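First comes the structure, then the notes that go with it.
Not measured: the values here are computed from a predicted model.
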Amino acid sequence: MQQRKDEQEATAAKTTLRLLEKTVKDMLVDQGRLVEVPYTATLGDTMNALVALPVAAPPGQWIGASGSMILESDKQTGAVRKHYIGMVTMLDIVAYIADDDGSNDQTTDVANLEKKMMVPVSSIIGRSFEGLSLWTLNPNTNILDCMELFSKGIHRALVPMDSQMENIQGVELVESASSYKMLTQMDLLKFLKDHASELGEILSSSIKEIGCLNQNVYAITDRTKVIDAIKCLRTALLNAVPIVESSNDFEEDHRQLVDGEGRKPIGTFSATDLRGCHLSALQTWLPLRALEFTELVSRSPLFAFKEGVSAPKEMVSCQPQAALGEVIEKIVSKHVHRVWVVDEQGLLAGLVSLTDIVGALRVSLLSKIDVM
């Protein structure tokens, strides 16, 4: 019996090691060419984009985010065609929309919205941490080194597809490449989900015991208005918050974030809820309550949600005892970037983010390697 068990464990270990030999290039097999936005595009144009896009500008005119020199050049001549100057995210756009002179005049917010939508996207780069940073990964980077980067809160990285640095893994200091692709935390989790059998018993561990349950969760209430919800995201640099039932405390400020632990979640407000929003609709919706907004958006013909993307009103949750594999399945199938964790009474107990999952998985895989 013991011999058979040892053989099974040895086979499982070899299977996991084969997975860990996979590289960034393997995770990008089905991806097409990088989608980007020109530096001259307006904010209104960019709101039709996905969660985040690199911003491209003519070479020689810009200093890139954090001094980066990530260039795209002609493969034959070597002539530089464009310079990636930063990353624009929905959080950058939300932060700019919410920016004001410190007043709480909601009418002014709506009146200035049209003017704000006409500014070039290059002028708002850097309003969130991610927009200030452009990360590149060598295509030969193995999964564990890729996970190390993504476990630090980096959500996406550019990958030069014709890199000449064959012996370099991890972050690559790129001067020029003829083409790029983008790898995200979601791409990594999708790849791991597709190779679930190679991860073995790790996916059977609960999110609590594997250490990816984050108990710090901020929220807005069901009385918080959209404009105030946007300002809350900007202030805390959060991409999404749960909407909780308001309390009977008359002193509770519904314009501010509240501690969500132990509160009843009834929805989610995310920066990406504004994606593809028409200016006329946004002007109308800013004064509404965030919960009402998410319900309207899910039914509005002005929004065309892509296949596999959850409508804003859907709240994806789990309990602390949920298996890691089950939570990853929810994240990938619902295409969400966090899952709210609730207790047996349905009250908030925390959250699980992609960063939390990648970090916990990496630690578990490293410990597994150590005992092989």
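A ring pair (Phe, Tyr, Trp, His ring centres under 6.0 Å) with Tyr84 holds for exactly one of Trp135, Tyr39, Tyr180; it is Tyr180.
Counting only N and O atoms by type, the side chains of Ser270 and Thr268 include no donor and acceptor under 3.5 Å apart. Inspection of the Asp187 and Thr184 side chains reveals an N or O donor paired with an N or O acceptor under 3.5 Å. With no hydrogens or angles considered, a side-chain donor-acceptor pair links Asp222 and Ser246 at under 3.5 Å. Arg338 and Ser353 share no side-chain donor-acceptor pair at under 3.5 Å.
Remark: side-chain polar atoms of Thr141 are not paired, donor with acceptor, to backbone N or O of Leu137 under 3.5 angstrom. Side-chain atoms of Lys181 do not come within 3.5 Å of backbone N or O of Leu158 as any donor-acceptor pair. For Thr224 (side chain) and Thr221 (main-chain N/O), a donor-acceptor pair under 3.5 Å exists by modelled atom type. Using a distance-only test at 3.5 Å, with no hydrogens or angles considered, a donor-acceptor pair links the side chain of Asp26 to the main chain of Thr23. Between the side chain of Gln256 and the backbone N or O of Asp253, no donor-acceptor pair lies under 3.5 Å. Side chain of Gln185 to main chain of Leu354: no donor-acceptor pair is present (N/O by atom type, distance under 3.5 Å, no hydrogens or angles). Distance alone, capped at 3.5 Å, is enough to place a donor-acceptor pair between the Lys330 side chain and the Ser317 backbone.
Two residues are said to be in side-chain contact when any heavy atoms from C-beta on lie closer than 4.5 Å; Met27 and Leu183 meet this criterion. Using a 4.5 Å heavy-atom cutoff, the side chains of Val24 and Asn138 are not in contact. Using a 4.5 Å heavy-atom cutoff, the side chains of Val119 and Ile124 are in contact. Counting only heavy atoms from C-beta outward, the side chains of Met90 and Leu274 approach each other to under 4.5 Å. In this structure, the side chains of Ile266 and Leu291 come closer than 4.5 Å at one or more pairs of heavy atoms. Residues Glu326 and Leu203 form no side-chain contact, since every pair of their non-hydrogen atoms from C-beta on lies 4.5 Å or further apart. Two residues are said to be in side-chain contact when any heavy atoms from C-beta on lie closer than 4.5 Å; Leu348 and Trp340 meet this criterion. Side-chain contact check for Leu233 versus Asn239: every heavy-atom pair is 4.5 Å or farther apart.
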(request) List the steps, then state whether side chain to side chain contact (heavy atoms under 4.5 Å, CB included) holds for Phe150 with His155. (result) CA-CA 6 Å; Phe150 286 158; His155 298 156; over 6 Å; no
(message) Go through it in stages, so that I can follow the logic: the residues are Trp285 and Leu296, the test is side chain to side chain contact (heavy atoms under 4.5 Å, CB included), and I'd like the CA-CA distance, side-chain angles, deciding distance and then a yes or no.
(response) CA-CA 9 Å; Trp285 289 340; Leu296 283 172; 3.9 Å; yes
(request) I would like to know whether His254 and Asp228 meet side chain to side chain contact (heavy atoms under 4.5 Å, CB included); could you show each step before the answer? (result) CA-CA 8 Å; His254 303 290; Asp228 293 320; over 6 Å; no
(request) Start with the C-alpha distance between Ile207 and Val341, add both sets of side-chain angles, then the distance that settles side chain to side chain contact (heavy atoms under 4.5 Å, CB included), and finish with yes or no. (result) CA-CA 10 Å; Ile207 57 172; Val341 181; 3.9 Å; yes
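Atom CD of Gln31 has more than 12 neighbouring heavy atoms from other residues, nucleotides or ligands inside a 6.0 Å radius. The 12-atom threshold is not exceeded at NZ of Lys208, counting heavy atoms of other residues, nucleotides or ligands nearer than 6.0 Å.
Both Leu113 and Leu288 sit in one connected hydrophobic cluster of ILVMFWY residues. Membership requires side-chain heavy atoms under 4.5 Å apart, directly or through other members. Residues Leu43 and Val35 share a single hydrophobic cluster, defined by chaining ILVMFWY side chains whose heavy atoms lie under 4.5 Å apart. Side-chain heavy atoms closer than 4.5 Å link hydrophobic residues (I, L, V, M, F, W, Y) into clusters, and following such links, even through other members, never connects Leu347 to Ile243.
Note that OG of Ser179 is 9.5 Å distant from CG of Leu34, once rounded to the nearest 0.5 Å. To the nearest 0.5 Å, atom CG of residue Leu324 and atom OG of residue Ser205 are 7.0 Å apart. Rounding to the nearest 0.5 Å gives a distance of 5.0 Å between NZ of Lys25 and CG of Asn140. In this structure, the separation between CG on Asp356 and CD1 on Ile210 is 11.5 Å, given to the nearest 0.5 Å.
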Distance-only criterion, 3.5 Å: show the donor-acceptor pairs between side-chain atoms of residues 357-366 and protein atoms not counting sequence neighbours.
| from | atom 1 | to | atom 2 | distance (Å) |
| --- | --- | --- | --- | --- |
| Arg362 | NE | Leu144 | O | 3.2 |
| Ser364 | OG | Ala360 | O | 3.1 |

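Within the structure, the salt bridge (charged side-chain N to carboxylate O under 4.0 Å, His left out) test picks out no pair touching residues 343-355 (sequence neighbours left out).
Annotation: cation-pi geometry not satisfied between Lys22 and Phe191 (NZ/CZ under 6.0 angstrom from ring centroid, within 45° of ring axis).
The salt bridge (Lys or Arg N to Asp or Glu O under 4.0 Å) test applied to Arg263 returns Glu252, not counting sequence neighbours.
Salt-bridge annotation for Glu198 and Arg18: absent, with no side-chain N of the basic residue lying under 4.0 Å from a carboxylate O of the acidic one.
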